[in-house]
Novice: 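The structure under discussion is supplied below as structure tokens; questions concerning it will follow.
All values below were derived from every heavy atom in this structure, side-chain atoms included, with hydrogens, water molecules and symmetry-related copies excluded. Here the structure is a predicted model, which is why all the values come from computation and not from measurement.
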Amino acid sequence: MSEDERLRKVKEALKSGRLSLTDAVLATICVAYREFNMGITCDEIVKVLRKLGYNNVNKRKIYSLASRLKKEGLIESNRVSGRAIYAIKDEDKAIERVLGKTRSVKAEELLKALEEV
């Protein structure tokens with residue numbers, strides 16, 4: 001899968017609202033980093049996610065989720081003028097995590113795999 005195709009799939013997953021809030025935050029940071037080659041602040045993440053229909057979003061939750069994503073090694077943060085700016089640290093892992101949550105196995109494929117055993 002090409003880089004542009006992967007980014008398009010991340011955008012589709014984000015717009016669809018199928019992602020958990022953690023993955024939506026990761027996808028938002030990923031798209032900002034890939035499209036504009038810049039990080040994004042907490043305030044901007046909140047604005048984007050609210051426009052996309054994630055209603056239970058506030059600044060405190062974003063800080064908490066971003067902290068968790070930093071511990072996993074997916075994002076990094078820099079402080080500029082007292083604000084944290086988040087950017088992707090490991091792009092491949094981040095995209096795989098977002099896309100991995102949107103894929104599902106078809107029942108027929110699973111039954112076929114079980115028959116082979």
Novice: With the threshold set at 4.0 Å, does a side-chain nitrogen-carboxylate oxygen contact exist between Lys93 and Glu72?
Specialist: no

Novice: Indicate yes or no: does Asp23 engage Arg18 in a salt bridge with an N to O separation below 4.0 Å.
Specialist: no

Novice: Report the C-alpha separation of Leu49 and Leu14 in whole Å, then their side-chain angles, then the decisive distance to 0.1 Å, and conclude whether the side chain to side chain contact (heavy atoms under 4.5 Å, CB included) test is met.
Specialist: CA-CA 9 Å; Leu49 292 178; Leu14 185 59; 4.1 Å; yes

Novice: Apply side chain to side chain contact (heavy atoms under 4.5 Å, CB included) to the pair Cys42 and Arg83, showing each step before the final yes or no.
Specialist: CA-CA 8 Å; Cys42 243; Arg83 291 179 169 217; over 6 Å; no

Novice: What's the separation between atom NZ in Lys51 and atom NZ in Lys47, rounded to the nearest 0.5 Å?
Specialist: 9.5 Å

Novice: Atom CD1 in Ile29, atom CD1 in Ile75: separation rounded to 0.5 Å?
Specialist: 4.0 Å

Novice: Can you measure from OG (Ser77) to CD1 (Ile40) and round to the nearest 0.5 angstrom?
Specialist: 14.0 Å

Novice: With a 4.0 Å cut-off, would you call Asp92 and Arg97 a salt bridge?
Specialist: no

Novice: Does NZ belonging to Lys61 count more than 12 external heavy atoms closer than 6.0 Å?
Specialist: yes

Novice: Given side chains that start at C-beta, do those of Glu5 and Arg8 come closer than 4.5 Å, heavy atoms only?
Specialist: yes

Novice: Indicate yes or no: at least one non-hydrogen side-chain atom of Arg60 is less than 4.5 angstrom from one of Ser64.
Specialist: no

Novice: Can you check side chain to side chain contact (heavy atoms under 4.5 Å, CB included) on Tyr86 and Ile45, steps first, answer last?
Specialist: CA-CA 10 Å; Tyr86 300 103; Ile45 294 171; 4.3 Å; yes

Novice: Would you sort out whether Lys89 and Leu74 count as a side chain to side chain contact (heavy atoms under 4.5 Å, CB included), showing the intermediate values?
Specialist: CA-CA 5 Å; Lys89 186 174 186 178; Leu74 296 171; over 6 Å; no

